[in-house]
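Worth knowing before you read on, the calculation uses all heavy atoms, side chains too, and leaves out hydrogens, waters and symmetry mates. Residue numbers start from 1 in every chain, and the chains themselves are labelled A, B, ... in the order their sequence lines are given, proteins ahead of strands.
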Amino acid sequence: MEILVCVKRVPDTSENEISVAGDGKDIQRDDLVYSVNEWDNYAVEEAIQIVDRAGGNVTVVTVGGDDSEEILRREMAMGANNGILLKDDAFEGSDGKGIATILKAVAQKSKYDLILTGAQADAGAAQVGGMLAAMMDLPYASLVNKIEIIDDKKLKIGREIEGGNQEMNEINLPCVLSIQTGINEPRYVGIRGIRKVASVEIPTYGAGDLGLAASAVGVAGAKVKKIDYFVPVLGDGAEMLEGSNEEIIAKLIELLKAKGGLK
Amino acid sequence: MAGKFFSMRNLKFLLYEVFDCPALAGYDYYSQHNRKAVDMVLAAAAKMAGDLLWPILKEMDEHPPRLENGRVKVHADVKKILKEAGAGGWIGAHFPAELDGEQMPLMVGSAARFIFAAANYSGAVYADLCAGAAHLIAAFGSPRLIATYVPRMLSGSWQGTMALTEPQAGSSLSDIVTSAAPMGEGVYRIKGQKIFISAGDHDGAENVVHLMLAKIEGAPPGARGISLFVVPKKRPDASGYLADNDVTVTAVYHKLGYRGAPITELSMGEKNDCIGYLVGEPHQGLKYMFQMMNEARLGVGLGATAIASAAYYAALEYAKARTQGRKIHEKDPNLPQIPIIEHADVKRMLLFQRAVVEGSLALLLQCSLYADLEKITQGEEKERNHLLLELLTPVAKTYPSEMGILSVSAGLQCFGGYGYCDDFPLEQYYRDARIHPIHEGTTAIQGMDLLGRKVVMKDGQAFLLFAGEVDRVIQAAQDEPMLAPLSEKLREAMTRLQNVTLHLGRKARTEGVEPFLADAVLYLELFGIIVIAWQWLLQAQTARLALAKNCSQGEMNFYQGKLFACRYFFGYELPKTLGLAERLTAADNLTVEMPVNCFGD
């Protein structure tokens, strides 16, 4: 099975304190530590496991600058066979539809049986997988937390739905699935895997290579524009308790008693 | 943001900006470990440390190993840690490709070991012990021993240990009595007892392989009669069946800290059926063991630095969040309280920790670089790297070990009463850190090694090389206005060290070896402070160069922080060499002179 996994380089929330940039248009990105989007990492692991069972290849692809190459290499060290970097000044400022447009162009350059994305990334929109499927006229399932191969035409997939319930579906191949965390336990990257991929050439495609008009992607093609970033002002009735665990517990008990919640 | 236990930024500053680690990829042997690879190795180590080791730090402390029905039970995740360490190539990181190793520079491996140990020292040692023991077999064992044991130890399925100490022979290894009776073809019947054997048995590994010192019957007395053996817990036969090898765990020690790893007492040959396989030539065991010791001692220094690092970041986070009091000049009680990091004395404690942690880490990476260069250079250059590594190893083991305890203590102090309670990890770090001046050669042994052997070896050639290294940094710093006063202070301290060394040399000639070595630990302390000052000046130079270029506010804060920490070290720590030099050049031999019976009451 030929599988394309779309991945994104995002700020690592375990390594950074995220704050809003001075102009209010973005987060403060100076000196941030980045890593692969967690959902995407699960998607890559799932793809590797499918290929281990059914044969084929896993290709990881990302849209970004030169720095984004590091996450492709990381996922290749994990076991993906190929990486593709989609880099062009014209791609900068793309909205979700723009990213899906770019990914569609690269997906159509080869024949993929399955396309995986993470359920969401740092922007939290959870839109690219669905848009990509619609643009390619492929069946789509979101929040997928289980994949079984029925045959080379169909998959049985589980979706996480409201209330912790599970929904099972059959879906025709080729298709697009957005992967939920917890579907598997992603393997660790080891030195051996790293050595194999540290010096391999990763092909890079720009808008011209993909046959894309600059006006269809990037800022020019964006139909959604971010206009403001801010930390919401604490409303009345909300109080953040601060201090050590003991201090927070003591304050909480005091508040519960004061408001009649605890006798 | 999850708990921080080390700084990736600082690690990359040292590896890339100070020591130019990627340059090693220019040598054939390390060619696969370019900058991209090193970046990925660091990220992979951080991920594994954060996901696998850090979450069970407290659990491993609260549920120490226990002996049940002759088997030591450890935390269930130890098996997974060993498996991942094997599968990822972390155990075989420094082994050559022909042994299925990764040929990674020790400098990068040390960085990874530091990350693992900062997350959970106990959890990290199992893999380190496998690597050390397998390294001994690979270096000196027969092809058959290598084929039987090394792959399984590098995969993490068999645990490796170093079995040296006996009840009557701890620091004095020449007094060991474990015996080896020849059975022919390099096979011996082993009988004896070993104590304080780290990971000497546990249920996280399929087998345990002891690299054990013993004396062959009829061997010369003392250190010249010690041989090295592979003594497995279960001995494999030709078909791969593992038969019991009559190695009994008689006790698991109940320790102050470092509780996640079992330290065991072993009895060999209770049923007269314990087989050992000779490694290399008879009577060369101690020599083999000590050839491997540099790496093990650097490992201890890394462990000590790592624990101090975790304690520092816990203290830093707390100091930023905890509000207490107001600025000392502010008398208005209606003003809100301020975070304690704004108090000068809290900054002093944090600076002390940073000075110890980042100074020690720099030295350990410097030593790792000497080891890497020794491996790939030839002739004079190889000898130069070898001598510098030999000289600095006791310092790199001891300074972080001794000062790490004080550093963790300062971190604990930042928490006030909470630091003394188990709500925060500081009390555990304080207990965990205490092992380091003891294992892999106590501080006293390191002091005697430095003064009695390393400083005087080859007519003081290693010392002269070291003086040259320090002078190179002094010369480079003296033209920089901000660093010139610091370089002058380091020059004065080096002169002090040279004078003390000459004085002690005269003492050795005129008064004998006992007065010469009586205060070797103090000499090591003096030496250590100067070595760390050298490493701080080197870092400050790099920071100054970086600040001269355009950098972001965050980067500027980082480099300025380096300069403050360097100034702290030179202002607060380096002056301690004055008192040490005074004691070391004193005419009297107080400790030698005092009769034992005066210690009565």
Side-chain angles (χ1 to χ4, degrees), chain A residues 9 11-19 21-22 27-36 38 41 45 66-79 83 181 185-202 240-250, chain B residues 1-4 7-9 12 25 31-48 50-52 54 80 83-94 97 100-104 108-109 112 318 321-323 415 418 421 423-424 551-558:
Chain A
R9 180 175 178 262
D12 188 337
T13 49
S14 68
E15 286 283 333
N16 304 292
E17 286 181 32
I18 307 292
S19 58
I27 59 169
Q28 178 58 258
R29 291 189 184 268
D30 280 351
D31 312 320
L32 284 184
V33 175
Y34 286 81
S35 61
V36 65
E38 190 183 359
N41 200 41
E45 173 63 37
D66 288 331
D67 289 341
S68 292
E69 196 193 273
E70 74 189 21
I71 59 154
L72 294 176
R73 246 176 246 285
R74 187 210 180 269
E75 300 309 290
M76 290 165 74
M78 200 168 143
T181 56
E185 193 178 342
R187 67 197 67 192
Y188 291 104
V189 170
I191 304 169
R192 186 148 313 175
I194 290 168
R195 273 202 298 126
K196 281 183 190 157
V197 303
S199 301
V200 299
E201 284 292 322
I202 292 181
M240 294 300 290
L241 302 182
E242 291 177 350
S244 69
N245 285 345
E246 288 65 28
E247 289 168 334
I248 290 171
I249 291 165
Chain B
M1 206 165 112
K4 182 172 179 173
S7 162
M8 184 66 92
R9 178 67 190 91
K12 288 188 175 178
S31 61
Q32 289 186 302
H33 300 280
N34 58 20
R35 167 77 189 251
K36 282 176 184 161
V38 176
D39 272 343
M40 281 195 284
V41 165
L42 296 177
K47 173 86 177 151
M48 205 163 120
D51 289 0
L52 201 56
W54 171 253
K80 189 173 182 197
K83 183 171 166 277
E84 292 293 346
W90 302 101
I91 301 176
H94 312 302
D100 211 21
E102 309 298 332
Q103 286 192 189
M104 192 166 81
V108 186
Y318 186 79
R322 172 74 168 172
T323 55
F415 283 77
Y418 286 123
C421 304
D423 307 66
F424 290 96
C551 39
S552 66
Q553 187 58 50
E555 287 293 280
M556 202 143 37
N557 290 343
F558 175 80

Visitor: If you count heavy-atom pairs under 4.5 Å with chain A, which of B/E102, B/Q553, B/Q32 comes out on top?
Guide: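 Most heavy-atom pairs under 4.5 Å with chain A: B/E102.
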Visitor: Pick one of side chain, backbone, both or neither for A/E242, based on which atoms fall under 4.5 Å of a heavy atom in chain B.
Guide: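 No part of it gets close to chain B.
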Visitor: Looking at B/K47 and A/D12, is any side-chain nitrogen of the basic one under 4.0 Å from a carboxylate oxygen of the acidic one?
Guide: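 Salt bridge flag = no for B/K47 with A/D12.
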Visitor: Atom CG in B/D100, atom CZ in A/R192: separation rounded to 0.5 Å?
Guide: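 The distance works out to 4.5 Å.
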Visitor: Would you check if A/I191 and B/H33 make a side-chain contact, meaning some heavy-atom pair closer than 4.5 Å?
Guide: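 Of all side-chain heavy-atom pairs linking B/H33 with A/I191, at least one is under 4.5 Å.
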Visitor: Shortest non-hydrogen contact from B/A44 to A/I194?
Guide: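 Smallest heavy-atom distance, with atoms named: CB-CD1, 4.1 Å.
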Visitor: At what distance, to the nearest 0.5 angstrom, does NZ of B/K36 lie from CZ of A/R73?
Guide: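 Going from the NZ atom of B/K36 to the CZ atom of A/R73 covers 4.0 Å.
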Visitor: Backbone N or O of B/Q103 within a donor-acceptor pair of the A/R195 side chain at under 3.5 Å?
Guide: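 Looks like no, no N/O pair under 3.5 Å.
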Visitor: I want to check something: taking the side chain as every heavy atom from C-beta on, are B/D423 and A/E246 in contact at a cut-off of under 4.5 Å?
Guide: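 In short, these two side chains touch, coming nearer than 4.5 Å.
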Visitor: Please flag which part of B/F558 lies under 4.5 Å from any non-hydrogen atom of chain A: side chain, backbone, both or neither.
Guide: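 Nothing of B/F558, per the 4.5 Å heavy-atom cut-off to chain A.
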Visitor: Quick check for you: among B/F424, B/Y418, B/Y318, which has the greatest number of heavy-atom pairs under 4.5 Å with chain A?
Guide: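 The candidate making the most pairs under 4.5 Å is B/Y418.
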Visitor: Within a strict 4.5 Å, meaning less than it, do heavy atoms of the B/R322 and A/E247 side chains meet?
Guide: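 The answer is yes, as the side chains (C-beta and beyond) meet within the 4.5 Å cut-off.
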Visitor: So for B/D39, is it side chain, backbone, both, or neither that comes closer than 4.5 Å to the heavy atoms of chain A?
Guide: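 For B/D39, there is no contact with chain A at all, as no heavy atom is under 4.5 Å.
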Visitor: Report the option among B/L52, B/V108, B/T323 that has the most heavy-atom pairs separated by less than 4.5 Å from atoms of chain A.
Guide: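 Counting heavy-atom pairs under 4.5 Å, the top option is B/L52.
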Visitor: Where on B/A43 is there a heavy atom nearer than 4.5 Å to chain A: the side chain, the backbone, both, or neither?
Guide: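 Interface part for B/A43: neither.
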Visitor: To the nearest 0.5 angstrom, please state how far the OH atom of A/Y188 sits from the NZ atom of B/K83.
Guide: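 These two atoms lie 11.0 Å from each other.
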Visitor: For B/M104, which atoms come within 4.5 Å of any heavy atom of chain A: side chain, backbone, both, or neither?
Guide: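 Contact with chain A: side chain only.
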Visitor: Over all heavy atoms of both residues, which pair between B/N34 and A/S199 is shortest? Give the atoms and the distance, please.
Guide: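 Residues B/N34 and A/S199, closest heavy atoms: ND2-OG, 3.3 Å.
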Visitor: Atom OG of B/S552 and atom CD of A/Q28: how far apart are they, to the nearest 0.5 Å?
Guide: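 Nearest 0.5 Å value for the OG-CD distance: 8.5 Å.
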